Amino acid sequence: MPPTDSELVALARRGDEAAFEQLMLRHQRYVFNLAYRVLGDRSEAEDVTQETFLRAWRGLSRFRGEARFTTWLYRIAHNLCLNRLPGLRRRLLQTEPPDEWLPDPAPHPEAVAERRERLAFLHTQLEQLPEHYRLVLTLRYLQGFSYAEIAAILDVPLGTVKTHIHRARRLLRDRMGEWES
Amino acid sequence: MDCREVRERLEDYADGELTAADALALERHLADCAACRAEWERLQLVIEAVETWPLVAEPPTLTAQVMRQVRRPSAAPPAARFPWRDLLVGLGWTGLAYLVLSSLFHLPVPYPVDWLLGPARTWLNMSLALYRMGLDWETVFIAALLLGSLTALALERPAVPATAIPRRK
């Protein structure tokens, strides 16, 4: 049975570099994708991912294990994204309905699109969402964090996380509704 | 529950946050209303789309780049570092003890220890000479203090190389 994150963290805290490498191999794709979806740039996402893991290594002695390792890791990644997108914090705290709208979708070829086509359409629309919606949806559905965990990672109230996720999903189904009509 | 209410509560229903009674009322409405059912199916598809949002591959060199920095000695945890400071302090005390013993028993002091500790040894020898001249220990102490201070001033050198001192603009 592969070692758990907690076991690897305990080894890494004693200076075991191989254990830390295993942690990195386990989580780097998700951290990279979170940064890429939020920042929209591969090179910046790579920088953020590298810095996230270096900071995690250097700060392991301060990680007491009250939270999951991933919650702590994503909090570091999120703070690094915030440094690069200063407006993100304001958008995350904003609970009023946003003004932004998605660009007009391309017209669909048939009256009733196939399920696969509808999913493909939604994937293109996900890329176009405002970055704070991409951030909360990624945390919710990529790693399966609870709303409470997302609130802890982003340092915002739980109700704000819920509002953002509901609005993002609502925005996507409205766009699909327009596309299909 | 009417259509407006159902549309408002659909997101909570998807998160499983409605009470059993509200969930039942909503499900009854969905069974009868095709428009709301279509909206519910749309929401389910949105959730499926987010769950299947394709991942991009990270750069293949990512792990190696981070691990190279992790394995640098300066990045290692403090416990794993070589105790250079303790070693230097130990050597310092050993040198001082040898200096005192060599002065008392006229032992040879090898180069470069002699070169390094020479001024201090001279100072100690002067103090001993003053004591042997029959002066009381208080006078020797004051004279040694004066001589020591003068020696220290005469031999004063910067402890850090000038190039290592950051310049302020």
Side-chain angles (χ1 to χ4, degrees), chain A residues 12-18 20-21 24-25 28-33 35-37 42-43 45-46 49-54 56-58 60-61 115 118-127 134 137-138 140-142 144 147 162-163 165-177 180, chain B residues 3-18 22 26 30 33-83:
Chain A
R13 283 184 64 175
R14 291 201 290 271
D16 188 333
E17 292 154 358
F20 184 76
E21 188 170 14
M24 189 174 171
L25 287 168
Q28 64 183 6
R29 176 156 298 180
Y30 301 110
V31 172
F32 177 77
N33 272 271
Y36 179 59
R37 287 178 184 180
R42 278 189 72 87
S43 167
E46 188 180 355
T49 312
Q50 277 193 26
E51 190 61 27
T52 299
F53 282 99
L54 277 176
W57 169 250
R58 289 174 189 144
L60 267 179
S61 59
R115 185 183 184 78
R118 295 166 89 198
L119 279 174
F121 167 77
L122 285 169
H123 287 152
T124 61
Q125 293 299 296
L126 276 165
E127 312 280 344
R134 296 200 301 264
L137 287 178
T138 299
R140 179 77 189 94
Y141 293 103
L142 188 66
Y147 286 0
K162 195 173 139 184
T163 304
I165 287 178
H166 287 190
R167 283 219 183 105
R169 293 195 305 216
R170 182 74 192 247
L171 205 55
L172 287 168
R173 61 188 161 99
D174 285 352
R175 294 309 281 176
M176 195 165 69
E180 285 175 335
Chain B
C3 288
R4 186 188 54 79
E5 208 177 342
V6 165
R7 303 287 172 99
E8 276 175 9
R9 309 191 79 172
L10 221 44
E11 290 286 343
D12 283 331
Y13 177 66
D15 286 342
E17 288 191 351
L18 291 189
D22 283 346
L26 189 137
L30 288 182
C33 176
C36 286
R37 207 163 48 242
E39 196 60 37
W40 168 237
E41 282 163 10
R42 218 170 271 148
L43 176 54
Q44 285 179 298
L45 201 68
V46 162
I47 292 171
E48 189 184 335
V50 191
E51 284 170 341
T52 57
W53 192 352
L55 290 173
V56 294
E58 70 279 19
T61 54
L62 187 69
T63 320
Q65 279 172 334
V66 171
M67 290 313 294
R68 200 177 303 131
Q69 294 193 63
V70 161
R71 291 195 173 104
R72 269 166 47 186
S74 62
R81 286 184 195 156
F82 189 80

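Here is the naming used below: chain letters follow the sequence lines, and residue numbers restart at 1 for every chain. Keep in mind it's a predicted model, so treat the numbers as computed, not measured.
Side-chain N/O atoms of B/Asp15 and A/Tyr147 include a donor and acceptor closer than 3.5 Å. Between the side chains of A/Glu21 and B/Thr63, no donor-acceptor pair of N or O atoms lies under 3.5 Å. Side chains of A/Glu127 and B/Trp53: a donor on one and an acceptor on the other come within 3.5 Å.
At a threshold of 4.0 Å, the pair B/Arg4-B/Glu8 counts as salt-bridged, since one of the basic side-chain nitrogens sits closer than that to a carboxylate oxygen. In this structure, B/Glu17 pairs ionically with A/Lys162, as a charged nitrogen and a carboxylate oxygen lie closer than 4.0 Å.
With a 4.5 angstrom heavy-atom cutoff, B/Glu39 touches chain A via backbone and side-chain atoms both. The part of A/Leu142 that comes within reach of chain B is its side chain, from C-beta onward, which places non-hydrogen atoms under 4.5 angstrom from that chain. Using a 4.5 Å cut-off between heavy atoms, A/Arg140 does not touch chain B at all. Contacts of A/Leu25 with chain B are made by side-chain atoms alone, with heavy-atom separations under 4.5 Å and no backbone atom involved. Within the 4.5 angstrom heavy-atom criterion, only side-chain atoms of B/Gln65, from C-beta onward, approach chain A. For B/Ala57, the parts lying near chain A are the backbone and the side chain together; criterion is any non-hydrogen pair under 4.5 Å.
Contact count against chain B (heavy-atom pairs under 4.5 Å) is highest for A/Arg37 among A/Arg37, A/Met176, A/Glu51. Ranking B/Val56, B/Ile47, B/Val66, B/Asp12 against chain A, the residue ahead of the rest is B/Val56, based on heavy-atom pairs under 4.5 Å. Options A/Leu119, A/Leu126, A/Leu122 differ in how many heavy-atom pairs under 4.5 Å they form with chain B, and the most are formed by A/Leu126. Interface remark: of the candidates B/Arg7, B/Glu48, B/Glu51, B/Glu48 forms the most heavy-atom pairs closer than 4.5 Å to chain A.
A/Trp57 has its side chain out of reach of B/Gln69: every pair of non-hydrogen atoms, C-beta onward, lies at least 4.5 Å apart.
Between the A/Arg173 side chain and the B/Arg42 main chain, no donor and acceptor come within less than 3.5 Å of each other.
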